[in-house]
Each structure stands twice: as C-alpha cells, then as structure tokens.
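The first residue of the sequence shown is numbered 1, and numbering continues consecutively from there.
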Amino acid sequence: MPCYRCGARQTDPARGASPWRRGVRADRQVLVCPGCQAVHDWTAELDRCASCGSAVLVCRLGEVECRDCGHVREADSPAGDVSGPGAPGLSEEVAEALERVLKKGRVP
C-alpha cells in the first residue's frame, strides 16, 4: 500500500520498527511515509475518534477502532478516492510497473 499523500511505496526497514505510520481516512486504512510526516501535519487529515478525538484509529473487518480509548464503530462505505494530491491510482501504478518489467526484458 502506498503513502496516501505522495504515492511512495513502503520498503522494509533495515532493522527495527518501520518509520511509516498508519491511520484511518474516510473509514479506510492509509499509510503515511516518513517524508510526508516531516513536511505535513499528517494527523490533520485523518479521521478522529467520536468518543475521545484521537487520530490513533485502525480499520478492520468493517469496523473502526480507537487505539486510545477502545471505542468501536461501524465503518461507512468509502465514498470516492482517499488518496492525496500526488498519489497515482492503482491502474497507473500497475501500468508503470509493467512498463519497468517489460522494458528490462527487451533484447536490443
């Protein structure tokens, strides 16, 4: 899953915990890359808990749960795309990946 703001792909960290952060936006789980965390107030665009106002939410199996207070609610059906301004759509991402792979396989 790419960063919802810039479209960067997550890579495995060399050691230790991942510097990427997760959140919920429009009732969908999203990832935020370290670069977007540094440049933007990355929690400002995330959903908040209706009970305590925390942005530390997880979305799973049609529910959104607050990690701070434990409040659980049903996730609404996502309406539209939650990607940020620079994030490519899935079809563009697949096309770019195919282009890279097919270009490597060509014989001059």
Side-chain angles (χ1 to χ4, degrees):
M1 178 184 330
C3 174
Y4 88 96
R5 291 211 35 94
C6 69
R9 284 302 216 169
Q10 184 178 21
T11 58
D12 290 333
R15 286 191 176 258
S18 173
W20 287 63
R21 298 290 173 247
R22 73 177 104 177
V24 175
R25 184 165 187 250
D27 287 347
R28 293 184 63 193
Q29 191 86 30
V30 295
L31 288 177
V32 184
C33 72
C36 288
Q37 291 173 44
V39 176
H40 306 284
D41 179 11
W42 65 279
T43 62
E45 297 174 344
L46 299 179
D47 293 354
R48 300 272 175 182
C49 175
S51 181
C52 72
S54 172
V56 186
L57 306 175
V58 292
C59 186
R60 60 179 173 256
L61 300 174
E63 293 181 336
V64 177
E65 179 183 350
C66 177
R67 289 292 190 109
D68 284 342
C69 73
H71 177 76
V72 178
R73 65 172 174 80
E74 264 190 55
D76 292 332
S77 300
D81 187 19
V82 297
S83 57
L90 181 60
S91 60
E92 290 86 7
E93 201 171 314
V94 169
E96 290 171 6
L98 284 172
E99 179 68 27
R100 283 192 305 270
V101 170
L102 295 176
K103 189 182 282 187
K104 287 180 183 177
R106 291 187 188 151
V107 177

Using residues 44-64 as the side-chain source, report each donor-acceptor pair under 3.5 Å to any protein atom, sequence neighbours left out, with the distance given to one decimal.
unit_1: E45; atom_1: OE1; unit_2: Y4; atom_2: OH; d: 2.7
unit_1: E45; atom_1: OE1; unit_2: R5; atom_2: NH1; d: 2.8
unit_1: E45; atom_1: OE2; unit_2: R5; atom_2: NH1; d: 2.9
unit_1: D47; atom_1: OD1; unit_2: A26; atom_2: N; d: 3.1
unit_1: D47; atom_1: OD2; unit_2: A26; atom_2: N; d: 3.1
unit_1: D47; atom_1: OD2; unit_2: D27; atom_2: N; d: 2.9
unit_1: R48; atom_1: NH1; unit_2: G53; atom_2: O; d: 3.4
unit_1: R48; atom_1: NH2; unit_2: T43; atom_2: O; d: 3.3
unit_1: S54; atom_1: OG; unit_2: V56; atom_2: N; d: 3.0
unit_1: S54; atom_1: OG; unit_2: D68; atom_2: OD2; d: 2.5
unit_1: R60; atom_1: NH2; unit_2: E65; atom_2: OE1; d: 2.1

Let me check something: do M1 and W20 share a hydrophobic cluster, defined by ILVMFWY side-chain heavy atoms less than 4.5 Å apart, either directly or through other members?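 M1 and W20: one cluster.
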Between W42 and C36, what is the shortest heavy-atom contact and its length?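 So the two residues come closest at CB-O, 4.3 Å.
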So, for C69 and C66, which heavy atoms are closest and what is the spacing to 0.1 Å?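 Closest approach of C69 to C66: N-SG, 3.4 Å.
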Return the CZ to CZ distance between R67 and R22, rounded to the nearest 0.5 Å.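 Rounded to the nearest 0.5 Å, the CZ-CZ separation comes out at 6.5 Å.
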So does L31 get a backbone contact from the side chain of Q10, meaning a donor-acceptor N/O pair under 3.5 Å?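 No.
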